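In this chain, residues are counted from 1 in sequence order. The model shown is predicted, which means the values in this text are computed figures rather than measured ones. Both counts, for ligands and for their atoms, begin at 1 and track the order of listing.
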Amino acid sequence: MSLRLFNTLSRQKEVFIPLTDKRVKIYVCGVTVYDFCHLGHARAYIVWDVVRRYLEFCGYNVEYVQNITDVDDKILKRAQEENVTITELTDRFIQEYNKDMASLNIKTADRYPKATEHIQGMIEIIQSLIDKDIAYVVGGDVYYAVQKFPSYGKLSHRSLDSMQAGASGRVADSEGEVKRYPFDFALWKAAKPGEPYWSSPWGNGRPGWHIECSAMVKSCLGETIDIHAGGADLQFPHHENEIAQSEAHTGKPLARYWMHNGFVNIGGQKMSKSLKNFKTIRSVLEYYDPMAVRLFILQAHYRQPIDFTEEAMDSATKSWQLIHEGLRFNLDFAAKMDWCKDQELKDNQYLQDFRAAMDDDFNTPVALSIVFELAKILKKERNMLEHGSANHLNSHEVIQIQQTLQKICDTLGLTAANSATRQSGTLTIQAELLDTNHHINQTIPEEEIQLLIAQRKEAKKQKNYQEADRIRDELKAKGIELIDQKGGDTLWRYIST
Ligand SMILES: [Zn+2]
């Protein structure tokens, strides 16, 4: 069985064959850095992170590039409002972006090219398009003549005729009458007073948005790449225009496969600032474990819309707890299980089922059903070990199950390390929020928890395991779960009710 993915170009699942054997070049359209990222960004970058991780799992050497748009109308406006320079604003939100992505365990890209560092490359492409009579200059602006690119519309599957019919005769747009044709788009915009500009053969100005990606793909990955990805809202016009620019410039296909992820709705409605249901990643992570967010997103197929509700998040939180327990099974039972870390993971039915699910256009909901199956087996074993009854499976089998779970979770980017379980301090805030939002009644002061943890550590040192277990149970009854770490540290967290 081989990997098949849905290619927006053909509207079909196609067998994935990279341009170069065992290498995959991916370009993902990145953020415009003028504000905090929202849940839509979380979804997109989690989805592309899983695509990348799975390709790596399959043995591909993946080169992942994601751009940063650091010059744009929204950036200029925000910088003016906040009375800061554009660089101050963009640097700040690049940092915030990095924090959000790290919380969600999204691997860093191999490169994050910035638009402002690729102006020369953009000018070169624009000039070549003018030379080919595909672009034209009006005043200090340069436009792309879409009618000169015969396959314009091939990605979004619309023709210029149908677009024009849809426009019902109203062809003038906000950019005025200077364009020759209403669907022509700006490659270069003449400088306006007070805005940043670069010099060009057409006078001072700045690039249009679409040309940025054409230049950065070419500069970072070459003329043809394997996968170009982004949100469904980028299909038209952004990706259509990227294709028109790059393919008219090079005469080669820009990408072999185009992939698009679905939207995030909030309580059944499309997320938007005007509806005031706009959720930043930051605000969501104040209430929910980042891994529960990741799980929630992967529970839907990446092309389907997804509905963010409290119920869905509570359910994801519970599911993550089950998986999390499974992931640390080896830590919790190291002594009892005669744990052998070096035991090699053998191929098995679960891994085969996982591959089959992911090979089918990255079907993460099916992949997660395998994760739950494994976590449930470990839960059963945990119960039996905790109650001293005879093990259902032998240690060898349990180790294989646990390692299979680990391997699959790694590939899905689900990790205990990024869970809300943290050392005191950070967790206090988390706990307070959980308290107000999840109505946990049994709050006990952090000092008391720390004291009990210290007493338990001492008891373990004295080999008084009965007392150690008693303290653990006492805290559990109060809604506090203890998690022992390698090296003797103990973390704790509230168990949501
Ligand atoms: Zn782009």
| query | Is it the case that Lys13 places NZ or CZ above or below the six-membered ring of Phe6, under 6.0 angstrom from the centre and within 45 degrees of the axis? | reply |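 Pair Lys13/Phe6 does not count as cation-pi.
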| request: Measure from NZ or CZ of Arg180 to the centre of the six-membered ring of Tyr136 and say whether it is under 6.0 Å with the direction within 45° of the ring axis. | output: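 Pair Arg180/Tyr136 counts as cation-pi.
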| task | Taking 2.8 Å as the upper limit, name the protein N, O or S atoms near the Zn ion (ligand 1). | result |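 Correct list: Cys29 SG, Cys213 SG, His238 NE2, Glu242 OE2.
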| task | Give the C-alpha distance, both sets of side-chain angles, the deciding distance and a yes or no for side chain to side chain donor-acceptor pair (under 3.5 Å) between Asp131 and Gln127. | result | CA-CA 6 Å; Asp131 294 345; Gln127 188 59 58; 3.0 Å; yes
| field | Test log, rule side chain to side chain donor-acceptor pair (under 3.5 Å), inputs Glu242 and His238 | value | CA-CA 6 Å; Glu242 273 189 50; His238 183 56; 2.9 Å; yes
| message | Measuring only between side-chain heavy atoms, which start at C-beta, is Asp361 closer than 4.5 Å to Arg303? | response |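 SC-SC contact between Asp361 and Arg303 confirmed.
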| query | Is it true that His260 and His239 have ring centroids separated by less than 6.0 Å? | reply |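 Ring centroids of His260 and His239 are less than 6.0 Å from each other.
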